[in-house]
Protein chains: 2
Amino acid sequence: MSRPPTSPTAFGVTTDLVVFTMHEGIWEVLLVRRSEDPYRGRLALPGGFVEAGEDLEDAAYRELREEAGVEPHHVVLEQLRTYGTPGRDERMRVVTVAWLAFGADLPMPVAGVDVASAEWVPVDSVDPSTLAFDHGEILRDGVERCRAKLEYTNLATSFCDPEFTVAELRQVYERVWGVRLDPRNFHRKVTGVPGFLVESGQRTTRGGGRPAMIYRAGDQLRLHPPVMRPGS
Amino acid sequence: MSRPPTSPTAFGVTTDLVVFTMHEGIWEVLLVRRSEDPYRGRLALPGGFVEAGEDLEDAAYRELREEAGVEPHHVVLEQLRTYGTPGRDERMRVVTVAWLAFGADLPMPVAGVDVASAEWVPVDSVDPSTLAFDHGEILRDGVERCRAKLEYTNLATSFCDPEFTVAELRQVYERVWGVRLDPRNFHRKVTGVPGFLVESGQRTTRGGGRPAMIYRAGDQLRLHPPVMRPGS
DNA sequence: GGAATAGTGTCTTTCAGACAATATCAC
DNA sequence: GTGATATTGTCTGAAAGACACTATTCC
């Protein structure tokens, strides 16, 4: 076995997670309060170092479990982007692979070793510029990716329980995009995409109003035609 | 300054490039023939180790210049994805940040230190499973990203010279998607998106047929409505 | 004129958006 | 019944796709 052709620099590699959920109709992101320097006391994204022999995706799932108490089958995980500007971590040269995770009404997180507290924070109430490291930039990218993918994928169903109504699905779009959508057009739209929603045959039993049909996510991952965000 | 809370593993970090161009109407990708083990003699994506103190994007531009002879202002660069499965490089634990680069009729590359030869290869003629490392997977992801971004961004103009005709732009779509598009509908479509194309006032002087208006790319980065790929 | 390519007009269908009307529950 | 929510229907305008037609060049 030959040596690498150049003498490579040693990097630390971390995983940072932008974990989104929908809790009581509020779009929330998981943030941790750092208990160690640097940025002690500041809010940050959950994450940590990738271990030797560990796949990047596995590291993301491990951090999800350790710092957020979230099991893999509760979320959809997707790579966001990699951030590695020199100096982004003053301790050493660190490259971080950021991931997006989406889940329905995820549980309250528990404190971890590096983390004084972990909490769900409404996305709209976060000031990205106050986050540790470059996590504000990562969060902004994650928010934009999330909003964009609602348009042309079934991502919104990841924010819903396995069985959901069209109104619950619509609320995901409304809260993430920060808009109001016409319930009648939205209903016709999403039920009209073949394979996107599957009728369960059940109906809601709930106070006030006609009971709604309960659906499950279908096998259609991409939405054609897409659900368009108002304003282009 | 405190120590990192855990003892991080040391990683090598590399940059790999999926460089696309359009040469004489053929959609091509830049590949290099490896002159060193592992995978000596196999085709691979150009790339190399990120240096100490070097930003990830700067490393991509440096590799572009060193291995492809491409200057930064000739291409549009965009991060694709990061690949870091253990064992993907037998020499050491290596995480690679893959980038997409797009340019119009890029120059013939020159051989580099690790590279016996570099060459433009028609994308359709590449068998991804024959590439070194996991570069086949990276190429497949790059191809799909490129095809998808034609729909809703001005990416296609990156494959054209600064001044181009609608027919040249249409050819980019046709070759990358592998389809035929109706010239008349395509013309009406792209000239109808405000800010996408800017008339230069010039016309082509060329044998056969009515001269075509010459356009420049406008400042509109996103296409609304998108140019749809035939077949959903 | 004929061949070739550029560009416009017209028709049909699909779909988004506005909103009226109907359905089915709790009370 | 009233109030609330779900679901369907109807209309209008925008735009995609098919394709006839006109425009301007070279030969």
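Keep in mind that the numbers below use all heavy atoms, side chains included, and drop hydrogens, waters and symmetry copies. A note on names: the letters A, B, ... follow the listed sequences, proteins ahead of strands, and every chain is numbered from 1. Worth saying up front: this structure is predicted, and the values here are computed from it rather than measured.
- The side chain of A/Pro225 lies closest to C/dA16, out of D/dG17, C/dA16, C/dC19.
- When the nearest nucleotides of DNA chain C are assigned to A/Asn185 and A/Pro211 by heavy-atom distance, the more 5′-ward of the two goes with A/Asn185.
- Rounding to whole angstrom units, CG of residue B/Leu169 and P of C/dG7 are separated by 12 Å.
- When rounded to the nearest whole Å, the span between CZ of A/Arg180 and C1' of C/dA18 equals 16 Å.
- Heavy-atom distances to DNA chain D give each of A/Thr204 and B/Lys189 a nearest nucleotide, and the one nearer the 5′ end belongs to A/Thr204.
- With hydrogens and angles ignored, a donor-acceptor pair under 3.5 angstrom links the side chain of A/Arg184 to the base of C/dA20.
- Side-chain atoms of B/Arg203 and base atoms of C/dA6 include no donor and acceptor less than 3.5 Å apart.
- Taking atom CG on B/Asp182 and atom P on D/dA20, their separation rounds to 11 Å, with Å as the unit.
- With rounding to whole Å, B/Met213 atom CE is found 14 Å from C/dT8 atom C1'.
- Neither side chain, B/Tyr83 nor B/Asp16, offers a donor N or O lying under 3.5 Å from an acceptor on the other.
- Atom-to-atom, CD1 of B/Ile214 to C1' of C/dA6 comes out at 13 Å; the value is rounded to the nearest Å.
- Under the 4.5 Å side-chain criterion, counting only non-hydrogen atoms from C-beta, A/Val19 is in contact with A/Trp120.
- Whole-Å rounding puts the B/His224 NE2 to D/dA16 P distance at 12 Å.
- In this structure the side chain of B/Lys189 reaches within 4.5 angstrom of the side chain of B/Pro225, judged on heavy atoms.
- When each of A/Thr191 and A/Arg210 is assigned the nucleotide of DNA chain D bearing its nearest heavy atom, the one mapping closer to the 5' terminus is A/Arg210.
- For the pair B/Met228 CE and C/dC15 C1', the computed distance is 12 Å after rounding to whole Å.
- Rounding to whole angstrom units, CZ of residue A/Arg188 and P of C/dC19 are separated by 14 Å.
- Contact between the side-chain N/O atoms of B/His187 and the OP1/OP2 oxygens of C/dG7 is found at a separation under 4.0 Å.
- With contacts defined as side-chain heavy-atom distances shorter than 4.5 Å, the pair B/Ile214/B/Thr204 qualifies.
- The residues A/Glu57 and B/Arg81 are annotated as not salt-bridged, no charged nitrogen and carboxylate oxygen being separated by less than 4.0 angstrom.
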